[in-house]
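Reviewing the structure listed below.
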Amino acid sequence: MTTAELTPQETAHWALRAGLPLADDRLATVTTTANHIHSVLAVLRELDFRQTPPAPVYQAGGPTGAAV
């Protein structure tokens with residue numbers, strides 16, 4: 001899954017739309033951070049969790065990594 005990275009102009013647009021106007025000197029940093037977060041989330045979306053039991057099934061006091 002590949003997507004284009006945000007540009008500083010797009011970052012400014014989305015921040016303004018969310019009610020968070022950004023100063024020009026912060027655009028590059030916020031854009032870099034947003035692109036990094038997006039790349040991490042893209043990797044997480046590709047993970048296959050079908051065999052992973054839901055959190056309420058996990059018992060912390062049990063054997064290491066064991067699901068009940």
Side-chain angles (χ1 to χ4, degrees):
M1 176 179 186
T2 59
T3 58
E5 291 190 344
L6 287 173
T7 65
Q9 294 78 19
E10 291 170 324
T11 302
H13 168 77
W14 287 109
L16 188 59
R17 185 173 172 154
L20 303 167
L22 292 173
D24 290 338
D25 62 333
R26 299 206 52 208
L27 275 177
T29 303
V30 172
T31 300
T32 301
T33 303
N35 284 327
H36 177 71
I37 292 169
H38 188 265
S39 69
V40 170
L41 291 176
V43 170
L44 292 175
R45 285 186 189 110
E46 293 177 6
L47 295 176
D48 182 9
F49 289 108
R50 285 182 278 176
Q51 299 299 319
T52 304
V57 175
Y58 180 78
Q59 188 172 25
T64 305
V68 177

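In terms of the side chain to side chain donor-acceptor pair (under 3.5 Å) criterion, D24 has no residue partners (sequence neighbours excluded). Applying the side-chain contact (heavy atoms from CB on, under 4.5 Å) criterion to T7, with sequence neighbours excluded, gives Q9, E10. Partners of R17 under the side chain to side chain donor-acceptor pair (under 3.5 Å) rule, at least two apart in sequence or in another chain, do not exist in this structure.
Within the hydrophobic cluster formed by Ile, Leu, Val, Met, Phe, Trp and Tyr side chains joined at under 4.5 Å, directly or through other members, L22 is accompanied by L27, V30. By the 4.5 Å side-chain criterion applied to Ile, Leu, Val, Met, Phe, Trp and Tyr, L16 is assigned to no cluster and stands alone. Cluster partners of V40 are I37, L41, L44, L47, F49, counting Ile, Leu, Val, Met, Phe, Trp and Tyr whose side-chain heavy atoms approach within less than 4.5 Å, directly or via other members.
In this structure, R26 CZ and T11 OG1 are separated by 12.0 Å, a value rounded to the nearest 0.5 Å.
Between the N35 side chain and the E5 main chain, no donor and acceptor come within less than 3.5 Å of each other.
The environment of H36 atom NE2 is sparse: at most 12 non-hydrogen atoms of other residues, nucleotides or ligands sit within 6.0 angstrom.
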